[in-house]
Trainee: 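Before anything else, here's the structure in question.
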Amino acid sequence: MSTTVWLQSSDRKARAAKGPQGAQGPEGSPVRWEIRTNGPAQQGHSAGAGGGDGQSSTFAYIERDLSAGGVDAYRAARKEGARSFLLWTDPQRSHLRARVVTRSATKRASAVFEVLGGAGESLALITHERAMSNGHGRSRWTVQQADGRTAAGVKGNLFWWYVWWLLFPLWVAIAVGSLVSGSGDIARMPRSIRWKASGEEVLNWTDGGVEFALTTVADGWDPRVTAALAALVKSHEGWLGNPWDDGR
């Protein structure tokens with residue numbers, strides 16, 4: 001059975017429900033983002049607090065780990081390729097479901113992230129190789145779970161990359177027009193990613209209609225790992241993107 005996860009602003013959900021603006025944590029600081037899922041709980045992990053509408057529920061409340069110097073230090077490290085996230089089971093931050101830490105990062109090249117469980121156990125290593133680095137024309141993501149399960153995927157379909165670059169002058173004209181008029185939309189670079197293992201697709205990052213979402217096509221993937229992967233990919237939005245973790 002496939003499961004899909006995506007990031008959603010808690011502020012947006014609160015406004016839709018006409019409730020408080022965001023889930024409040026210690027000292028009233030908001031947990032601004034949730035990882036939502038349309039699938040059942042897996043491997044003993046509940047869907048988490050927050051409920052759902054019968055179609056989806058909150059798997060985790062996610063935020064940047066600002067313990068090493070605050071927002072400015074995080075954003076400085078982020079420019080070098082680092083990321084650090086905390087995934088909570090509830091908006092009060094009473095229980096840590098998982099965390100993402102950076103094991104190594106080289107600016108404009110590659111970075112290795114580790115997904116840890118709530119008790120600090122290693123769940124997976126996720127490697128991100130930027131486009132035009134390490135011999136790869138497209139950006140590449142590799143996921144290796146602690147059980148040895150491994151999958152790799154590249155950003156965008158070759159055909160759509162060809163079309164995008166072929167029409168690049170048009171996108172530039174549209175971008176200039178949008179800046180002048182203050183309206184309009186600019187065509188984004190291809191963003192879909194399909195992870196394969198032994199030639200078979202196992203994970204799929206694609207447009208879910210409202211947000212890009214990660215679908216687990218094959219069994220055996222820890223939901224904490226796929227949630228962390230979705231958050232990492234979403235934090236690498238590229239040109240014209242709006243990464244969830246880059247605000248003040």
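What you are looking at is a predicted structure, and each value in this text was computed from that prediction instead of being measured.
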Trainee: With rounding to the nearest 0.5 Å, note down the distance linking CG in Asn204 to OG1 in Thr215.
Mentor: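 Rounded to the nearest 0.5 Å, the CG-OG1 separation comes to 6.0 Å.
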
Trainee: Would you say the side-chain atoms of Glu201 pair up with the backbone N or O of Val217, donor to acceptor, closer than 3.5 Å?
Mentor: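 Side chain of Glu201 to backbone of Val217: no pair is present.
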
Trainee: So, the side chain of Thr102 versus the backbone of Arg83: is there a donor-acceptor pair under 3.5 Å, distance only?
Mentor: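 Side chain of Thr102 to backbone of Arg83, a donor-acceptor pair under 3.5 Å: yes, one is there.
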
Trainee: Which residue is it: Thr142, Thr150, Leu203, Val154? I am looking for the one with a side-chain contact (heavy atoms from CB on, under 4.5 Å) to Trp195.
Mentor: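 By the side-chain contact (heavy atoms from CB on, under 4.5 Å) criterion, Trp195 pairs with just one of Thr142, Thr150, Leu203, Val154: Leu203.
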
Trainee: Would you find a donor on one side and an acceptor on the other, under 3.5 Å apart, between the side chain of Arg103 and the backbone of Val112?
Mentor: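 Looks like no, no N/O pair under 3.5 Å.
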
Trainee: Checking side-chain contact (heavy atoms from CB on, under 4.5 Å) against Trp205, which of Lys155, Lys234, Arg194 comes through?
Mentor: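 Between Trp205 and the candidates, side-chain contact (heavy atoms from CB on, under 4.5 Å) is satisfied uniquely by Lys234.
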
Trainee: Are the side chain of Arg224 and the backbone of Gly118 linked by a donor-acceptor contact shorter than 3.5 Å?
Mentor: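 Not a single qualifying donor-acceptor pair exists.
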
Trainee: Just wondering, are more than 12 heavy atoms of other shown residues or ligands nearer than 6.0 Å to CD in Glu200?
Mentor: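 No, not enclosed.
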
Trainee: To the nearest 0.5 Å, what is the distance between CG (Leu229) and CG (Leu214)?
Mentor: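 Rounded to the nearest 0.5 Å, the CG-CG separation comes out at 5.0 Å.
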
Trainee: Indicate yes or no for a side-chain donor-acceptor contact from Arg97 to the backbone of Phe59 under 3.5 Å, with no hydrogens or angles considered.
Mentor: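 Yes; at least one donor-acceptor contact below 3.5 Å.
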
Trainee: Name the orientation class of the two ring planes belonging to Trp141 and His128 (parallel below 30°, tilted from 30 to 60°, perpendicular beyond 60°).
Mentor: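 Ring orientation of Trp141 relative to His128: parallel.
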
Trainee: Please check this pair: side chain of Asn38 against backbone of Thr4, looking for a donor-acceptor N/O pair closer than 3.5 Å.
Mentor: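 Side chain of Asn38 to backbone of Thr4, a donor-acceptor pair under 3.5 Å: yes, one is there.
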
Trainee: So, the side chain of Arg78 versus the backbone of Ser235: is there a donor-acceptor pair under 3.5 Å, distance only?
Mentor: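 Yes; at least one donor-acceptor contact below 3.5 Å.
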
Trainee: Does a side-chain N-to-carboxylate-O contact under 4.0 Å join Arg36 and Glu211?
Mentor: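 No salt bridge links Arg36 with Glu211.
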
Trainee: Taking the ring of Phe85 and the ring of Trp33, is the distance between their centroids below 6.0 Å?
Mentor: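 Not close enough - the centres of the two rings lie 6.0 Å or further apart.
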
